[in-house]
Amino acid sequence: MTPQDRAFYDSNGYYLAKGLFSPEEAAIYRAEVHALSARQGETDATWESQKGSGTKIEHSHDVHFSSAAFTRLMLDPRFIAVCTAIIGPNVQLHHNKIFIKPPEKGSPFPMHQDYPYFPHRDHSMIAAIFHFDDAPVEKGCLCVYPGGHKLGPLDAVGSDHHLPEDRFPIAGATPIPAKAGDVVFFQYLLPHGSGQNVSDEPRTTLLVQLRDPADVPLNNRHTSRGQGMMLAGVAPAAKFEFAWQQVEVSDV
Ligand SMILES: O=C(O)CCC(=O)C(=O)O
């Protein structure tokens, strides 16, 4: 990430790292995602506010528990170099998820900030979307409101916490078409979403959510397996405890 890239990220809230991986590497991960999806069977992650129009989207979470390929990918030096340029020397995993937006009926994501799902005190949280196949506009590529991260946390509506459509219509957002191997990084306050996949090919991605380990979650709602894994640097000092000592009595 050059100083110009970093300045672009600071003012726009996102950065598209073009060609971070080669199309050949992307094809290998694409096959991993589709194989995992086939192994686990049908799923649908269509958001509540988007249900009812016959669209669907396959997903799986914490995929480094399903395939070592994703563990290797999250530690790839090319990826980590951008993460540390944005977050700082210490980078911690929050969670990850794969998505396959199927052809023609691939569900859209309404415009939203990620903040309401896992608010953090210092807003260090970012997302990185790895593209394993091309994502042109007609495949429902990511769309953002550049600079919208500077508005701070916004009022969200509905059980899925999307942004009001009259203020943040998807038609008014800037599409970020991507090629296989591109990775888009964005701040968790950036208003973002994506349209329906109306093309005749699936859109295949991995989304990794990352933070500075010194940041403080404001609630405990979005815990997941593998959360807290260090991808770069070190976590703040803490007294050693076995994992079973941290289990709350209500969980036993
Ligand atoms: O993959 C996309 O188009 C957006 C996904 C997203 O914003 C989310 O899962 O929060």
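First listed ligand is number 1; within each ligand, the first listed atom is number 1. Computed from heavy atoms alone, side chains included, the values below leave out hydrogens, waters and symmetry copies.
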For Ser194, atoms of ligand 1 separated by under 4.0 Å from a heavy atom
2 (C), 3 (O)
Would Thr205 count as a contact residue for ligand 1, given that I'm defining contact as a non-hydrogen atom of the residue lying under 4.0 Å from a ligand atom?
no
Can a side-chain donor-acceptor contact be found between Ser199 and Glu138 if the only test is distance below 3.5 angstrom?
no
Checking side-chain polar atoms at under 3.5 Å, does Gln40 have a donor or acceptor matched by the opposite partner on Ser60?
yes
Any idea which atoms of ligand 1 are less than 4.0 Å away from a heavy-atom of Phe99?
9 (O)
Taking Arg225 first and then Asp62, would you say they form a salt bridge - that is, a charged N and a carboxylate O separated by under 4.0 Å?
no
Protein heavy-atom partner closest to atom 4 (C) of ligand 1 - residue, atom, separation in Å
Phe109 CD1, 3.6 Å
I need the atoms of ligand 1 closer than 4.0 Å to a non-hydrogen atom of Lys97, numbered in the order shown.
8 (C), 9 (O), 10 (O)
When you compare the side chains of His112 and Asp114, does any donor N or O come within less than 3.5 Å of an acceptor on the partner?
yes
Numbered atoms and elements of ligand 1 in range of Asp114, under 4.0 angstrom, heavy atoms
10 (O)
Can a donor-acceptor pair be found between the side chains of Ser124 and Asp122 at a distance below 3.5 Å?
no
Considering only heavy atoms, which of Lys101, Gln209, His112, Arg203 lies nearest to atom 2 (C) of ligand 1?
Arg203
Just do the salt bridge (charged side-chain N to carboxylate O under 4.0 Å, His left out) check on Arg30 and Asp133 with the steps written out, would you?
CA-CA 7 Å; Arg30 183 184 191 281; Asp133 37 36; 2.7 Å; yes
